[in-house]
Amino acid sequence: MLSNKKIGMIGAGNMGNALIDGLIGSGATGPENIICSDANESQLEVVQQKFHVATTTDNIKVVNASDIIIYAVKPQIIASVLRETADHLDMSKLIISIAAGVPMAAIEAVLNKDLRLIRVMPNVAVAVREGATAVAAGGHASKDDVRLAMAIFDSVGKSIFLKENYLMDAITGLSGSGPAYIFLIADALADAGVKVGLSRKDALFLASQTILGSAKLLLETGSHPGPLKDSVTSPGGTAIAGLHTLEKGGLRTTLINAVEAATNRSKELGEIVIKNFANGETKT
Ligand SMILES: NC(=O)c1ccc[n+]([C@@H]2O[C@H](COP(=O)([O-])OP(=O)(O)OC[C@H]3O[C@@H](n4cnc5c(N)ncnc54)[C@H](OP(=O)(O)O)[C@@H]3O)[C@@H](O)[C@H]2O)c1
């Protein structure tokens with residue numbers, strides 16, 4: 001699907017690197033189909049040596065050479081990079097923004113013409129090809145455009161299509177910010193292991209592997225978490241004693257509140273970004 005498309009990556013940082021790695025490593029496309037730009041030449045050298053893709057410091061060259069352009073620069077500078085490249089964008093090109101917290105409306109306000117636009121919200125786990133990504137389409141993007149975007153992000157994990165664009169804030173609150181919650185939970189479980197006598201190293205390893213294994217069980221069995229929880233909870237046993245304590249501590253409510261708070265914050269920040277971008281400012 002992607003092998004006959006030229007892909008341009010603007011920004012060769014964490015995300016740019018992870019995406020190029022996934023695209024080539026998964027066989028989705030070859031290095032000859034990728035061109036990458038960055039303001040930082042040493043960053044480009046790394047990418048060139050690691051992946052053998054074409055590199056340049058000229059963002060416009062990337063746009064002109066590509067069918068699909070991924071804007072993988074920081075949210076603070078995406079408006080200026082969009083403005084710099086806007087005259088070279090037209091309906092023949094698919095434009096993908098991965099800038100966290102930058103709503104489609106803000107991008108449309110900067111570009112101010114009909115373009116095939118996709119907004120994507122990945123998470124940090126793309127670095128280990130286990131990203132959880134949501135893909136939303138702008139007015140002029142087709143179903144094929146969505147498939148192309150999903151193919152790119154499926155090379156670094158798994159993606160879903162989000163029909164309701166406005167739910168991107170909920171995605172930011174759940175899977176975008178989610179790794180932070182899980183890291184905190186892993187750290188707390190490791191502390192707990194140390195409290196009951198394990199070494200820090202063993203406790204953190206066991207906590208992390210338990211999170212990985214439990215996630216795999218959920219995804220591979222397709223089961224609701226309830227029956228899986230029930231299957232490891234024997235009458236009068238250890239797991240139910242632990243679960244009772246978690247319920248007393250309000251774990252469910254706390255997690256629901258956390259996702260809701262992050263979603264609301266994403267909404268607030270998004271509204272500021274839309275206002276600033278429309279006013280010609282780039283501050284996010
Ligand atoms: N990392 C994540 O987990 C994550 C998750 C979800 C979404 N995102 C989004 O992904 C985007 C990229 O994040 P990142 O973590 O990959 O950032 P990053 O590591 O800072 O990479 C951005 C790259 O863009 C370069 N750059 C700066 N100005 C440029 C310009 N005018 N033209 C071309 N390149 C330029 C930067 O160079 P310098 O270093 O020299 O400035 C840097 O190499 C962000 O919008 C972020 O919100 C990231």
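All values below were derived from every heavy atom in this structure, side-chain atoms included, with hydrogens, water molecules and symmetry-related copies excluded. Being a predicted model, the structure only gives us computed values, none of them experimental. Indexing begins at 1, ligand by ligand and atom by atom, following the structure's order.
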For [atom], which of the options [options] provides the nearest non-hydrogen atom?
atom	options	result
atom 45 (O) of ligand 1	N14, N59, V73	V73
atom 6 (C) of ligand 1	S97, S80, P122	P122
atom 17 (O) of ligand 1	E41, M15, K74, M9	K74
atom 36 (C) of ligand 1	N17, D38, V47, N40	D38

Between E84 and ligand 1, does any nitrogen or oxygen pair lie at a separation below 3.5 Å?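 No, there is no polar N/O contact under 3.5 Å.
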If you measure every N or O of M121 against every N or O of ligand 1, does any of those distances drop under 3.5 Å?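 No.
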Nearest-contact summary for [atom] - protein heavy atom, Å:
atom	result
atom 9 (C) of ligand 1	I98 O, 3.1 Å
atom 29 (C) of ligand 1	I77 CD1, 3.4 Å
atom 22 (C) of ligand 1	A72 O, 3.6 Å
atom 31 (N) of ligand 1	V81 CG2, 3.6 Å
atom 47 (O) of ligand 1	A100 N, 2.9 Å
atom 35 (C) of ligand 1	A39 N, 3.6 Å

With heavy-atom distances below 4.0 Å as the criterion, list the atoms of ligand 1 near [X].
X	value
Q43	43 (O)
G13	16 (O), 18 (P), 19 (O), 21 (O), 23 (C), 43 (O)
P75	44 (C), 45 (O), 47 (O)
V124	3 (O)

Answer with yes or no whether the side chains of [Y] and [X] bring together a donor and an acceptor at under 3.5 Å.
X	Y	value
N257	T254	no
D58	T56	no
N40	S42	yes
N59	T85	no
S159	D154	yes

Between D21 and R129, does any NZ, NE, NH1 or NH2 come within less than 4.0 Å of an OD or OE carboxylate oxygen?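 Yes, this pair counts.
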Between the side chains of D191 and R200, is the shortest nitrogen-to-carboxylate-oxygen separation below 4.0 Å, so that they form an ion pair?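 Between D191 and R200 there is a salt bridge, with a charged N closer than 4.0 Å to a carboxylate O.
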With side chains defined as the heavy atoms from C-beta onward, is the minimum distance between K93 and I69 less than 4.5 Å?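 In contact.
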Quick one, V126 and M15 - any side-chain contact, counting heavy atoms below 4.5 Å?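 Yes - at least one pair of side-chain heavy atoms lies under 4.5 Å apart.
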Run through N64, N33, T29 and flag the one making a side-chain hydrogen bond (donor to acceptor under 3.5 Å, both in side chains) with K6.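 Exactly one candidate clears the test, N33.
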Could you check whether atom 41 (O) of ligand 1 has a protein contact, counting only heavy atoms that fall below 4.0 angstrom?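 No, because not a single protein heavy atom sits under 4.0 Å from atom 41 (O) of ligand 1.
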Give the minimum heavy-atom separation between G131 and N123, together with the two atoms involved.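 That would be CA-OD1, 3.4 Å.
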